[in-house]
Amino acid sequence: MKQFFLTTAIDYVNSRPHLGTAYEKICADVIARYKRLCGFETRFLMGNDEHSQNVFKKAKEEGLDPLAYCDQMEREFRKTWAYVDVSFDDFIRTTEPRHKLGVTEIARRLWDAGDIYEGLYEGWYCVSCEEFKQEKDLVNGNCPLHPTLKPEWIREKNYFFRLSKYQQPLLDHFAAHPEFLQPDVRRNEILSLIRGGLIDISVSRAGQSWGIPLPFDSESVVYVWFDALINYASAVGLGGDPELFAKWWPADLHIVGKDITRFHAVIWPAMLMAAKLPLPRQVFGHGFMTLNGQRMSKTLGTIVDPIEAADRLGVDPLRLYLVKEVAFGGDGDFSWERYDERYNVDLANNLGNLVSRVTSMAHRYRGGRVAPAATGNDQLARLGESLVAEYRDAMDRFALHEGAAAAYKLVDGANEFIAATVPWTLAKDPAMADRLAQVLFDAAEAIRLAAVMLAPVMPASSREILRRVGAPADGLTFDRDGRWLNVGERVVLQEGPLWPRKEMTTVTDNPVPPDGPAPGALPPVSASVIPAAAPAPVAPTAAPAAASDRISIEDFMKVELRVAKVLAAEKVEKSKKLLKLSVDVGTEQRTLVAGIAEAYEPDALVGKTVVIVFNLKPAKLMGIESNGMVLAASPDGGKPTVVSFENPPEPGTRVR
Ligand code: MSP
């Protein structure tokens, strides 16, 4: 069986997990779950980095023995990772005996090879970074990452690793394996660092007790970074379990943050070369998560607790946000507003609403059972198949955001398919029964396939969606489940909303002008505005306005017309004319009320792209606050037709 061994960085335990560290673990989890889905025997390793001076200090501050403190933190970390559904197969702590075996093995191999030698280190050390610093690394004498903390000047006996010897072998390895370090931006950065020359590095600290003693000098402990990197190999038995090691080493993928890519793409491969062990196949250096554009930092109060974020909207909404909103490899930002907004757009209105519509139509028209009819329509099937291919290509490149986007293209495709095939009209004509059956089956099948693609990102939600569309959720494999299946009857379940909409107060950057636009002032030749607030549409003027009555371009530009996509639509209770619409206007989501109920079924509007007056003062209609107005052609005494597009532009595009 093909296998895949992936790892994340192991976390320092002097503070609790935060959204930045959780981001790494969740993305790695998505990859692990994807590999399992592709049929790989997968080993997903995570762990804690405990031999840091900061950890030792923190334990002392708390009046705890360091190991007892680390035990306590292990529980914290495991609790968080379980909470956000991270499915690691192994969790290593650097204080475990198996890790000591691995570290001892590497240290001995390097010593025997003559690649470790004794010397004297005199220079700076930043305890917060756990790094030896050169004068040129400092800014005004301080570590740039920890400007409030003075680095320590140390002078001690150290053992050095001959990193300099590996400059050319590393360059050769990078040349022979362009995939070794990804994404390209990190590769270029590290290549220029290696080309700039490598100096030998300290691999031990003298006079400390918290750490693993060197096998050839028990007075010194292994330097925390040299110790930590070895976790990847000791977890699969280096120095202790040769069979396990032969099975799993080398690792296929190390996922680490951009700040520590250097350790993984320079020092670690050089250590392995010196130890005559194979190198990991790939290192992926992801970007950093910020909060409202600011670095996540405890002192700045810009730390987000992943459990709190998950509690707000759900674990899967959080995972989807992190994966879909951030291009994996680049930096990403989190804001509570954007998180809420994406929840409403992607989950409540888009995917959640699609599942509700299809399952409720399946019940209304087919008693909850969907099956393909003889006359298939393979347009949606072709879209589904091509999006699975797009998804797999993206996921194989670890472009996780593109993978999630491919699944969402199928969700959009299914919404458009429903709008185009109008099942509620087919249902009125008995001669169209087969067509209706196929349409409903296809829509349910598109949902199933999207849920399979989303399974690595939203494991629990994917299971729930599959249950609702009557498809198996256990032991999913891409070979079997990742294709369009036009077979079998499925029993569909109609249950409550998967993700109820959350009402939120939106802040817009576009203040409403004091007077508001006058609906009658719009150029009224073929289209007029149905004012949300007015029960009757404004009729087109009979004759062209006289030149003196015409408005200036400046007047017209006061009316901000924008493209909007209808995400949800429903009848307003006790009103024959009004529909309540929820629309995506690109930057936010809005509710508006439009007098078009006599011309449109709510279901028919979902997915449609319309034009709205964006900067209209809000108005209350039948108790609902309407924030904008839908443009429609409104013939006298006839039904309105909303203004729409042949090739819909992106929501938010200005119309002028
Ligand atoms: N202990 C070392 C890693 C040793 S690996 C052999 C370490 N620990 S850490 O706790 O500081 O960071 C753990 C991981 O989280 C690192 O990959 C780091 O880059 C990542 N992140 C820390 N803050 C982050 C963000 N704000 N955003 C994304 N990843 C972040 O470094």
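Both ligands and their constituent atoms are indexed starting at 1 by order of listing. Predicted, not measured: the structure shown is a model, and the values here were computed from it.
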Check: Phe216 ring centre within less than 6.0 Å of Tyr159 ring centre:
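Aromatic pair counts; centres sit under 6.0 Å.
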Could you check, using the six-membered ring where one of them is a Trp, whether Phe334 and Tyr321 have ring centers closer than 6.0 angstrom?
yes
Parallel, tilted or perpendicular, judged at 30° and 60°: which one describes the rings of Phe4 and Phe40?
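Rings of Phe4 and Phe40: perpendicular, as their planes differ by over 60°.
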Contact with ligand 1 for [X], non-hydrogen, under 4.0 angstrom:
X	answer
Arg295	no
Ser52	no
His264	yes
Phe263	no

Would you say ligand 1 has an N or O under 3.5 Å from any N or O of [X]?
X	answer
Met296	no
Ile10	yes
Met289	yes

Under 4.0 Å between a side-chain nitrogen and a carboxylate oxygen: does that hold for [X] and [Y]?
X	Y	result
Arg93	Asp71	yes
Lys502	Asp340	no
Asp331	Lys258	yes
Lys157	Asp217	yes

Among Val256, Asn48, Thr94, the one residue meeting side-chain contact (heavy atoms from CB on, under 4.5 Å) with Ile10
Thr94
Numbering the atoms of ligand 1 from 1, which are under 4.0 Å from a heavy atom of [X]?
X	value
Ala9	5 (S), 14 (C), 16 (C), 17 (O)
Ala228	6 (C)
Thr21	15 (O), 22 (C)
Tyr232	5 (S), 6 (C)

